[in-house]
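In what follows, a structure is listed as structure tokens, so that the remarks can point back to it.
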Amino acid sequence: LDDAGAAAFFITYQTGWFGLHRRARLAAGETLLVHAAAGGVGSGAVQLGKAAGARVIGVAGGPEKTAVARELGADVVVDRHREDFVAVVKEVTGGRGADVVYDPVGGDAFRKSTKCIAFEGRILVVGFASGDIPSAALNHALVKNYSIVGLHWGLYQQRDPGAIADCHAELTRLAAAGTIRPLISERLTLADVPDGLRRLAAGATIGRVVFLP
Ligand SMILES: NC(=O)c1ccc[n+]([C@@H]2O[C@H](COP(=O)([O-])OP(=O)(O)OC[C@H]3O[C@@H](n4cnc5c(N)ncnc54)[C@H](OP(=O)(O)O)[C@@H]3O)[C@@H](O)[C@H]2O)c1
């Protein structure tokens with residue numbers, strides 16, 4: 001990896017790996033639904049889901065981002081501006097739903113995910129890029145037998161640093177094999193950083209945006 005690739009690598013894939021493997025126990029053959037599939041952590045989750053042998057459904061906003069999600073390896077791609085991902089997930093899983101949902105968006109992405117989560121499915125709470133922190137209906141989790149699983153990757157630095165090192169070794173192996181590769185759409189100078197941050201907050205960026213001094 002060059003400097004930009006290395007900068008975009010660590011948190012993106014550590015978050016994906018700890019979420020999908022340690023917290024959600026994603027298994028080969030399961031269906032993984034990834035929100036913001038062309039975004040920073042979402043793009044990494046698509047690649048890691050495929051590397052784990054899952055069938056990946058990616059949700060993204062607009063034609064440019066859906067094309068990116070497809071290039072990343074998503075088996076099924078949903079344009080959230082044009083389609084209802086709940087209907088698509090139900091259709092492509094024969095009504096069963098997604099086994100694991102990777103959700104960096106929150107709001108409606110979370111609320112609607114509870115409508116298409118499988119029996120014994122796991123919804124990973126990764127972030128709230130929509131700005132909307134949803135509340136969970138626990139009676140719904142009970143009657144449908146699904147789990148809502150929090151993920152704060154940073155805590156592992158204090159609680160289990162050895163696991164971070166082990167994960168890094170595995171991720172480095174996957175990167176060397178070309179199985180995962182950071183998606184970098186922009187390399188910014190310092191002067192461009194404020195605008196880059198504004199566009200990231202507005203959901204207008206693709207993959208990782210990297211500042212190169
Ligand atoms: N839990 C952890 O340990 C951990 C670690 C790293 C990051 N995170 C969190 O993960 C989230 C994603 O971070 P990121 O850097 O990878 O960002 P990002 O995914 O590159 O950007 C957010 C994406 O969310 C989607 N989105 C949907 N509704 C949106 C709205 N109303 N406003 C803005 N975006 C919207 C957009 O994609 P579409 O238009 O394609 O839907 C947008 O590109 C952040 O909340 C971050 O704090 C958590």
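What you see is a predicted model, and the numbers here were worked out from it, not measured in a lab. We count ligands from 1, going down the list as the structure has it; atoms in each ligand are counted the same way.
For ligand 1, one of its N or O atoms has an N or O atom of Trp153 under 3.5 Å away. Taking distance alone, with nitrogen or oxygen atoms compared against 3.5 Å, Leu151 approaches ligand 1 more closely than that limit. Backbone and side-chain nitrogen or oxygen atoms of Arg80 are examined, and one is located within less than 3.5 angstrom of a nitrogen or oxygen of ligand 1. Not a single N or O atom of Thr15, backbone or side chain, sits closer than 3.5 Å to an N or O atom of ligand 1. Considering backbone and side-chain N/O atoms, Gly61 comes within less than 3.5 Å of an N/O atom of ligand 1. The shortest N or O to N or O distance between Val105 and ligand 1 is not under 3.5 Å. In terms of N/O distances under 3.5 Å, ligand 1 is approached by Val126.
At distances below 3.5 Å, not a single donor-acceptor pair connects side-chain atoms of Asn145 with backbone N or O atoms of Glu120. Of the possible donor and acceptor atoms, none in the side chain of Asp108 sits under 3.5 Å from a partner among the backbone N and O of Arg111. The backbone N or O of Ala27 sits less than 3.5 Å from a side-chain atom of Glu30, completing a donor-acceptor pair. For Ser185 (side chain) and Ile206 (main-chain N/O), a donor-acceptor pair under 3.5 Å exists by modelled atom type. Judged by distance alone, with hydrogens and angles left aside, the side-chain atoms of Arg122 form a donor-acceptor pair with the main-chain N or O of Arg25 at under 3.5 Å. Looking at Lys144, its side chain does come within 3.5 Å of a backbone N or O of Thr114 through a donor-acceptor pair. Side-chain atoms of Gln14 never come within 3.5 Å of backbone atoms of Trp153 as a donor-acceptor pair (strictly under, hydrogens ignored). Panel note: side chain Glu83, backbone Asp79; a donor-acceptor pair is recorded below 3.5 Å.
For ligand 1, the atoms sitting less than 4.0 Å from at least one non-hydrogen atom of Ala60 are 40 (O), numbered in the order shown with element in parentheses. Annotation for ligand 1: atoms under 4.0 Å from non-hydrogen atoms of Gly40 are 16 (O), 18 (P), 19 (O), 20 (O). Less than 4.0 angstrom separates some heavy atom of Phe128 from each of these atoms of ligand 1: 45 (O). Every atom of ligand 1 is numbered from 1 in the order shown, and the set under 4.0 Å from a heavy atom of Ala201 is 33 (C).
In this structure, His81 does not count as a contact residue of ligand 1, since none of its heavy atoms falls inside 4.0 Å of the ligand. Every heavy atom of Ala37 sits 4.0 Å or more from the atoms of ligand 1.
In terms of protein heavy atoms, atom 17 (O) of ligand 1 is closest to Leu200 CD1, 4.0 Å. Scanning all protein heavy atoms for the shortest distance to atom 15 (O) of ligand 1 gives Arg208 NH1, 3.0 Å. Closest to atom 12 (C) of ligand 1, if we only count protein heavy atoms, is Pro104 CB, 3.8 Å. Among all protein heavy atoms, the one lying closest to atom 23 (C) of ligand 1 is Ala36 CB, 3.7 Å. For atom 22 (C) of ligand 1, the closest non-hydrogen atom on the protein side is Ala129 CB, 3.6 Å. Shortest contact from atom 34 (N) of ligand 1 to any protein heavy atom: Gly203 CA, 3.6 Å. Looking only at protein heavy atoms, the nearest one to atom 29 (C) of ligand 1 is Ser130 CA, 3.9 Å. Protein heavy atom nearest atom 43 (O) of ligand 1, with residue, atom name and distance: Lys65 NZ, 3.2 Å.
Distances from atom 46 (C) of ligand 1 to the protein include no heavy-atom value under 4.0 Å.
Contact annotation for Ala109 and ligand 1: no heavy atom of the residue comes within less than 4.0 Å of the ligand. Contacts between His35 and ligand 1 below 4.0 angstrom, taking non-hydrogen atoms only, are absent altogether. In Val41, the parts holding a heavy atom less than 4.0 Å from any atom of ligand 1 are both the side chain and the backbone.
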Considering only distance and modelled atom types, tabulate donor-acceptor pairs under 3.5 Å from the side chains of residues 63-72, sequence neighbours left out.
residue: Lys65; atom: NZ; partner: Gly203; partner atom: O; Å: 2.6
residue: Thr66; atom: OG1; partner: Gly62; partner atom: O; Å: 3.1
residue: Thr66; atom: OG1; partner: Pro63; partner atom: O; Å: 2.9

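Taking a cutoff of 4.0 Å between a charged side-chain nitrogen and a carboxylate oxygen, Arg208 and Glu186 do not qualify as a salt bridge.
Aromatic ring centres of Tyr146 and His140 lie closer together than 6.0 Å. Between His168 and Tyr13, a ring centre-to-centre spacing not shorter than 6.0 Å is recorded. Aromatic rings from Trp17 and Tyr156 are positioned such that their centres are separated by 6.0 Å or more.
When the side chains of ILVMFWY residues are joined at heavy-atom separations under 4.5 Å, either directly or via intervening members, Val126 and Val101 end up in two distinct hydrophobic clusters.
Shown are Phe85, Tyr102, Phe110; of these, the ring-ring contact (aromatic ring centres under 6.0 Å, His included) with His35 is made only by Phe85.
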